[in-house]
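Just so we're clear, the structure is a prediction, and the values are computed from it rather than from any experiment.
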Amino acid sequence: MRSRIGWCIEWVAGLPDNISMTKAQLPGLFNPGSSAKAKETLLVRERIRDAELRAYGTVINSFDELETRYIDQFREMKQGRVWCIGPFCNSNKNDLDRAQRGSKDSINNHECMTWLDSQRKCSVIYACLGSLARLTPL
């Protein structure tokens with residue numbers, strides 16, 4: 001991200017489209033201010049960035065068909081190590097929710113459970129990329 005003077009337009013370099021916003025429009029993690037809490041937020045952001053730089057790849061809560069140009073660009077930046085795994089919510093059987101996401105599951109539920117049951121204990125990572133799912137201890 002680059003900026004011209006603190007209050008002027010900021011833009012994200014390297015994206016397929018020109019996306020600009022004011023500093024005030026940035027999410028708090030990128031515009032934390034100068035309080036003690038803000039300094040703590042900056043430390044967290046630095047730790048996240050360091051972890052991202054050391055990571056083998058990146059998992060995204062999106063799918064190729066939705067954001068093809070952006071995902072292709074990100075894959076190029078990450079040497080191809082980007083995996084889209086969303087949107088996915090197979091556990092909610094609420095009729096309204098199913099109607100909004102389509103009538104078909106994105107995967108075969110039985111095959112998924114069979115595969116999960118066949119894996120070694122503690123060898124599968126559950127990724128929750130939103131607040132609609134809750135993981136409860138067994």
Q: Calculate, to the nearest 0.5 Å, the distance between atoms OG1 and CD1 belonging to Thr41 and Ile48 respectively.
A: 9.5 Å
Q. More than 12 heavy atoms of other residues, nucleotides or ligands under 6.0 Å from CZ of Arg69: is that the case?
A. yes
Q) Are the side chains of Asn61 and Ile85 in touch, meaning some heavy atoms are under 4.5 Å apart? A) no
Q | Results of side-chain contact (heavy atoms from CB on, under 4.5 Å) for Glu46 - residues two or more places apart only | A | Leu43
Q. With sequence neighbours excluded, what pairs up with Glu67 under the side-chain contact (heavy atoms from CB on, under 4.5 Å) test?
A. Ser62, Tyr70, Ile71
Q) Are any side-chain N or O atoms of Ser123 and backbone N or O atoms of Gln119, one a donor and one an acceptor, separated by less than 3.5 Å? A) no
Q: Determine which pairs satisfy salt bridge (Lys or Arg N to Asp or Glu O under 4.0 Å) with at least one residue from residues 70-85, sequence neighbours left out, and list them in order.
A: Asp64-Arg75
Q | From CZ (Phe74) to OG1 (Thr58), nearest 0.5 Å | A | 4.0 Å
